[in-house]
Amino acid sequence: MDRKLSAILAADVVGYSTQMERDEAGTFERLRAGRKELFEPEIARHHGRIFKLIGDGLLAEFGSVVDAVECAVSLQRGLVERNAAVSEDHRIRVRIGINLGEVIVEGEDRYGEGVNVAARLQQLAQPGGICVSGKVAKEVEKKLAFGFEPMGEQKLKNIAEPVQAYRVLLDPAVAEKPMAANRHPRFRRNLAAALGVLAVAVGLAAAWWRPWEPPLRPTALTANAKADTRPSLVVLPFDNLSDDKAQAYLADGFTEDLTTELARVPGLFVVSRNAASTYKAKETKPAEFAAALGVRYILEGSIRRVGDDMRINAQLIDGSTTGHLWAERFDGQWTDVFALQDKVVASIAGALKLRLVSAQGKADVAGGTRNPAAYEAYLQGMEIYNRRNTPDEFAQAVRFFRQALELDPNFGAAAASLAWAYWDIDGPRGKALVVSDIGALYNVYKYLGEAAKHPSPSYYQLVASLLVREHRSDEAVAVMFKAVALDPSDPLNYVGLAEALSFNGRPNEARDYLDAANRVDPGGNDHRHYQTGLAAFGQGRFEEAVDYLERIDLQSPDPWPKFYGLQVLVSAYAHLGRSDQVAAYSDGLRNVMLERKDGGANQLVTQRYFVFKNPADIGRLLNGLDKAGVPELPEQLDLDAKDRLTGSEIRSLILGHDLRGGGAWIDKGTSWVQENFLCDAIPKVQTTCGAIFRNPAGTPGQGHEYTAVFRFDRFEFSTIK
């Protein structure tokens with residue numbers, strides 16, 4: 001039996017059966033043409049050969065792993081070019097897997113685990129993507145200009161040992177990344193008056209995110225409770241037995257930290273702190289809330305603090321039998337609070353026979369602290385910040401966060417909370433803190449710079465939100481994978497990742513992570529309804545989209561789910577041809593826009609907030625709004641529609657040319673054409689889109705030949721040929 005070392009490429013068409021069912025002859029011809037015109041020539045050009053055709057898939061062998069990866073990238077890019085000319089329903093998309101291993105040689109065919117692993121890796125790849133084994137990534141990482149995003153160890157079907165897998169990053173914006181192994185929902189704020197003038201001032205925070213750090217990725221994602229075979233646990237809110245009832249923040253903080261630390265224990269599923277808090281002070285039988293949350297084990301306990309003396313009681317209950325598996329009392333000083341937490345985690349892991357994370361201490365891993373005084377100040381700030389507070393109470397929370405950071409300058413979570421607080425500032429809160437919008441945004445990036453030194457999940461959440469605003473969803477996705485890895489029990493991590501994925505053109509993956517959010521925090525909320533509707537809309541599933549979007553509470557004081565959700569809902573109903581619902585919800589959309597003071601409902605506002613990477617995704621949303629009668633531009637605009645430039649005219653006139661005039665708008669950030677609009681993404685400033693008009697009275701080269709119309713502003717300019 002002959003054996004040899006080979007690089008094996010496995011490719012398979014996505015949704016082939018569905019396409020065949022819809023258009024058998026056409027699908028067959030498109031697949032055959034793609035194989036003859038793209039796959040066979042590219043594989044041959046990279047010194048490979050196809051040794052097996054399997055229905056809609058193929059297996060190819062390469063003598064060089066570098067050739068195999070370069071070929072896979074060429075194939076995916078070639079398919080993108082071919083697909084651009086055909087409708088979405090007729091596009092051929094493939095998944096590709098590559099492995100380097102020993103194969104059995106039998107004539108022209110190849111067999112063995114080296115081939116089987118490649119075929120299984122192909123199944124892990126996203127549509128249009130490439131998944132490679134750790135052997136491949138290690139071999140080519142310094143030889144090719146592609147990034148590799150770790151997917152963790154994967155248990156592959158009929159493969160005995162787990163395989164380290166990596167996703168190839170095809171986008172040049174993230175290609176140079178190296179390879180590497182509970183709060184209320186937050187939404188993006190609009191600081192329109194401050195953003196444009198602050199771009200230079202925030203330069204001091206250049207280290208607010210460190211893109212050279214390797215991205216983390218969860219090793220597994222199981223949203224379905226019945227399919228999850230891991231031991232599952234909920235940490236119920238610990239009772240505060242201290243005489244001082246104001247010290248309830250200690251019990252709440254201990255519960256939250258314990259939840260986070262247990263969620264990082266390999267092999268253990270832990271429900272979010274938010275889901276557990278709904279059972280606080282309720283007379284509910286253990287079996288009832290274990291069933292409601294989809295878990296088997298329940299941890300409950302109490303904290304009593306008298307001066308510096310501290311006592312923690314904890315017990316572990318089997319929800320299926322209500323029997324007590326373990327109970328213990330921990331006594332110590334307040335200064336020993338972190339050691340006590342570690343003992344509780346270790347004891348529970350031992351009771352469930354799970355191994356602890358063999359990594360750095362939590363103070364280093366999750367932006368925490370080992371300073372009890374800083375920890376207490378932080379918990380006091382969080383207790384105030386997370387409730388519906390007055391402006392003065394909000395300012396008090398900020399002071400506690402500052403105190404925590406002063407006591408421990410390396411307390412990354414405190415710095416991140418300060419960044420979030422300044423991001424959440426509105427008029428009354430700014431007045432209470434005596435800070436302007438410009439000063440608030442300055443402090444956002446200042447404290448992010450501090451938080452970046454010792455990152456926490458909340459740091460990554462805000463960074464990702466800011467990256468999405470700047471049309472940098474590739475980076476936002478990588479950032480949110482880090483957040484999930486640090487705290488798998490926080491639903492906000494999954495929701496933030498879902499948002500980045502939806503805007504990145506990966507709504508199917510977004511839906512998976514929204515399911516994961518619902519697994520750790522059953523019940524959902526308005527923001528999650530919006531995100532689920534957005535993911536369904538991105539997949540063209542308009543009926544499902546409206547089902548979720550209609551669950552948003554339009555009477556809620558929180559404007560953001562309504563603001564985002566109504567735009568998608570109106571577009572979805574327009575795609576479905578339901579004029580009555582379009583009319584009804586269009587009124588609501590106009591009212592929300594007026595409340596937001598965004599200049600009325602128009603597509604300039606939509607494009608400012610819906611920062612899709614792919615033209616087809618923003619096109620789908622705008623097309624629906626067109627059908628619904630939502631105007632492209634502000635209704636009071638006094639320019640003649642016949643003078644407006646088309647997208648192709650904007651592209652040839654502006655992109656690649658120097659401009660004269662335009663004030664602060666000229667030479668800022670990255671520009672591109674989107675539909676018939678010109679869009680700009682300026683570093684540390686929100687994406688903005690506008691229309692371009694000829695000025696009939698303008699003089700060539702004098703700075704007023706054209707007019708750029710944005711949401712609130714307009715600029716006159718000329719092009720320099």
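The figures that follow rest on heavy atoms only: side chains count, while hydrogens, waters and symmetry mates do not.
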Tell me yes or no: between the side chains of Tyr378 and Asp408, is some donor less than 3.5 Å from an acceptor?
no
Counting C-beta onward and ignoring hydrogens, is there a side-chain heavy-atom pair between Leu466 and Arg469 closer than 4.5 Å?
yes
Would you compute the distance between atom CH2 of Trp420 and atom CG of Leu448 and round it to the nearest 0.5 angstrom?
9.5 Å
Are the side chains of Glu149 and Phe481 in contact, using a 4.5 Å heavy-atom criterion?
yes
CD/Glu450 to CG/Leu405 distance, rounded to the nearest 0.5 angstrom?
6.5 Å
Check whether Lys613 reaches the backbone of Asp617 with its side chain - one donor and one acceptor, N or O, closer than 3.5 Å.
no
Just jot down the salt bridge (Lys or Arg N to Asp or Glu O under 4.0 Å) partners of Glu70, sequence neighbours excluded, or say none.
none
Is a donor on one side and an acceptor on the other found under 3.5 Å between the side chain of Tyr513 and the backbone of Gly496?
no
Within the 4.5 Å heavy-atom criterion, are Arg95 and Gln126 side-chain neighbours or not?
no
Minimal non-hydrogen separation, Ala451 against Tyr459, with atom names:
CB-CD1, 3.6 Å
Can you tell me how far CZ of Arg120 sits from SG of Cys131, rounded to the nearest 0.5 angstrom?
13.5 Å
Is Tyr460 close to Pro457 at the side-chain level, that is, under 4.5 Å between some pair of heavy atoms?
no
On a heavy-atom basis, the closest approach of Ile96 and Ala11 is CG1-CB, 4.1 Å
Can you name the one residue among Ser571, Pro507, Ser502 that meets side chain to side chain contact (heavy atoms under 4.5 Å, CB included) with Phe537?
Ser571
Just checking, is any N or O donor in the side chain of Asn493 or Gln461 under 3.5 Å from an acceptor N or O on the other one?
yes
Excluding sequence neighbours, so at least two apart, what forms salt bridge (Lys or Arg N to Asp or Glu O under 4.0 Å) with Asp67?
none
Could you tell me whether the side chain of Trp423 and the main chain of Leu462 form a donor-acceptor pair under 3.5 Å?
no
Side chains of Asn99 and Ser133: any donor to acceptor distance under 3.5 Å?
yes
Would you confirm whether the ring centroid of Tyr564 sits within less than 6.0 angstrom of the ring centroid of Phe610?
yes
Is there a side-chain contact between Leu655 and Leu678 in this structure, where contact means two heavy atoms from C-beta onward sitting under 4.5 Å apart?
yes
Distance from Arg519 atom CZ to Ser272 atom OG, nearest 0.5 Å?
11.0 Å
Ile438 CD1 to Asn443 CG distance, which is reported to the nearest 0.5 Å
12.5 Å
Run the numbers on Tyr385 and Ser417 for side chain to side chain contact (heavy atoms under 4.5 Å, CB included), then give the verdict.
CA-CA 9 Å; Tyr385 188 80; Ser417 292; over 6 Å; no
With sequence neighbours excluded, residues passing disulfide (SG to SG under 2.5 Å) with Cys689
Cys679
Answer yes or no: is there a side-chain heavy-atom contact under 4.5 Å between Tyr422 and Val398?
yes
Short side-chain to backbone donor-acceptor contact, His471 and Thr687, under 3.5 Å
no
Are Tyr609 and Phe563 near enough that their ring centres are under 6.0 Å apart?
yes
Checking side-chain polar atoms at under 3.5 Å, does Asp521 have a donor or acceptor matched by the opposite partner on Tyr494?
no
Can you list everything that forms a salt bridge (Lys or Arg N to Asp or Glu O under 4.0 Å) with Arg82? Sequence neighbours excluded, please.
Glu37
With the side chain counted from C-beta on, respond yes when Pro561 and His529 share a heavy-atom pair under 4.5 Å apart, and no when they do not.
no
Return the set of residues passing side chain to side chain donor-acceptor pair (under 3.5 Å) with Gln567 (not counting sequence neighbours), or none when no residue passes.
Thr606
Side chain to side chain contact (heavy atoms under 4.5 Å, CB included) between Asp257 and Tyr375, worked out:
CA-CA 11 Å; Asp257 282 356; Tyr375 179 61; 2.7 Å; yes
Does the pair Asn116 and Ile159 meet the rule for a side chain to side chain contact (heavy atoms under 4.5 Å, CB included), with working shown?
CA-CA 8 Å; Asn116 296 339; Ile159 305 298; 4.0 Å; yes
Shortest non-hydrogen pair, Thr369 vs Ala374, comes out as OG1-CB, 4.2 Å
Quick one, Ser671 with Asp680, criterion side chain to side chain donor-acceptor pair (under 3.5 Å). Give me CA distance, side-chain angles, the key distance, then yes/no.
CA-CA 4 Å; Ser671 299; Asp680 297 287; 2.4 Å; yes
Distance col, row Asp12:CG vs Gln123:CD, nearest 0.5 angstrom, shows 8.0 Å
Treating Asn504 as the side-chain partner and Arg506 as the backbone partner, does any N or O pair qualify as donor plus acceptor under 3.5 Å?
no
Would you find a donor on one side and an acceptor on the other, under 3.5 Å apart, between the side chain of Gln76 and the backbone of Val94?
yes
Is any side-chain heavy atom of His527 closer than 4.5 Å to one of Val495?
yes
Look only at the side chain of Arg91 and the backbone of Asn83, and say whether a donor-acceptor pair between them is shorter than 3.5 Å.
yes
Partner set under salt bridge (Lys or Arg N to Asp or Glu O under 4.0 Å) for Glu544, not counting sequence neighbours:
Arg511, Arg541
Under 3.5 Å, is there a donor-acceptor pair between the side chain of Asn525 and the main chain of Arg528?
yes
Looking at Asn614 and Ala616, would you say the former's side chain and the latter's main chain have a donor-acceptor pair under 3.5 Å?
no
